[in-house]
Amino acid sequence: MKDLRSFALTLALAAAAAADDVAIPMADGNVLRGERVEDAAVAGKGVRVRTGGVTVFVPWSEMAAGAREALEKGLSPEVPHTAPPVAPAAGDVPPLPAAPAPEPHPEASGEAPPLPDCCDPRF
């Protein structure tokens, strides 16, 4: 029975429901989205959510903190954003500071660099 439950939760977490009536943040960081199914028999223990063609029971203990209070009030809990932040517009970004001028290469002056002590031509 444990395998069926984990399979159902995997389906529910992976597939987005068409209704998207409720989004439940889970304690492990995932977000379960779907249509809430009212069931008075399990109201004290958790909620039922229909998502991806599967109805899943989600106990209060597996939800993130604060989700239970919002669901009991009939609201949708706050869900963390999963999309990356939007890039600023071209006018909103300050210009980068100018890079310092590179030092001239010693050979650019026409003089040979000094030889190391091991390559002294007198020996």
Side-chain angles (χ1 to χ4, degrees):
M1 193 64 174
K2 182 73 172 175
D3 293 334
L4 179 62
R5 181 175 181 270
S6 64
F7 176 72
L9 274 175
T10 303
L11 274 176
L13 291 171
D20 273 347
D21 288 345
V22 68
I24 301 173
M26 305 297 284
D28 63 358
N30 290 317
V31 177
L32 179 65
R33 298 177 189 277
E35 179 184 358
R36 184 172 178 176
V37 178
E38 295 298 329
D39 189 356
V42 296
K45 299 178 238 173
V47 295
R48 289 193 190 272
V49 178
R50 182 178 301 124
T51 179
V54 179
T55 302
V56 181
F57 171 72
V58 184
W60 299 124
S61 61
E62 292 186 17
M63 294 181 197
R68 178 180 183 169
E69 292 79 19
L71 288 169
E72 286 178 341
K73 292 178 184 175
L75 304 173
S76 185
E78 290 291 323
V79 179
H81 294 285
T82 57
V86 178
D92 296 341
V93 179
L96 295 174
E103 294 182 16
H105 195 272
E107 296 175 1
S109 65
E111 296 179 17
L115 291 175
D117 292 338
C118 67
C119 297
D120 192 350
R122 295 178 287 174
F123 296 111

(message) Before you tell me yes or no, could you show the steps for Val47 and Glu38 under side-chain contact (heavy atoms from CB on, under 4.5 Å), namely the whole-Å CA-CA distance, both residues' side-chain angles and the distance that decides it to 0.1 Å?
(response) CA-CA 8 Å; Val47 295; Glu38 295 298 329; over 6 Å; no
(message) Nearest 0.5 Å, please: how far is CD in Glu62 from CG in Leu32?
(response) 10.0 Å
(request) Please report the C-alpha distance between Lys73 and Glu69 in whole Å, then the side-chain angles of each, then the deciding distance to 0.1 Å, and finally whether the salt bridge (charged side-chain N to carboxylate O under 4.0 Å, His left out) criterion is met. (result) CA-CA 6 Å; Lys73 292 178 184 175; Glu69 292 79 19; over 6 Å; no
(request) Could you tell me whether the side chain of Thr51 and the main chain of Arg33 form a donor-acceptor pair under 3.5 Å? (result)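 Checking the backbone N and O of Arg33 against the side chain of Thr51, a donor-acceptor pair under 3.5 Å is found.
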(request) Spell out, as yes or no, whether a donor-acceptor pair under 3.5 Å connects the side chain of Arg36 to the backbone of Arg50. (result) no
Quick one: are [X] and [Y] in side-chain contact, heavy atoms under 4.5 Å?
{"X": "Arg48", "Y": "Val56", "result": "no"}
{"X": "Ile24", "Y": "Val31", "result": "no"}
{"X": "Val22", "Y": "Glu35", "result": "no"}

(message) Can you give me the closest heavy-atom contact between Ala70 and Pro77, atom names plus distance?
(response) CB-CA, 3.9 Å
(request) Following the transitive rule for hydrophobic clusters with a side-chain heavy-atom cut-off under 4.5 Å over Ile, Leu, Val, Met, Phe, Trp and Tyr, establish whether Trp60 and Met26 coincide in one cluster. (result) yes
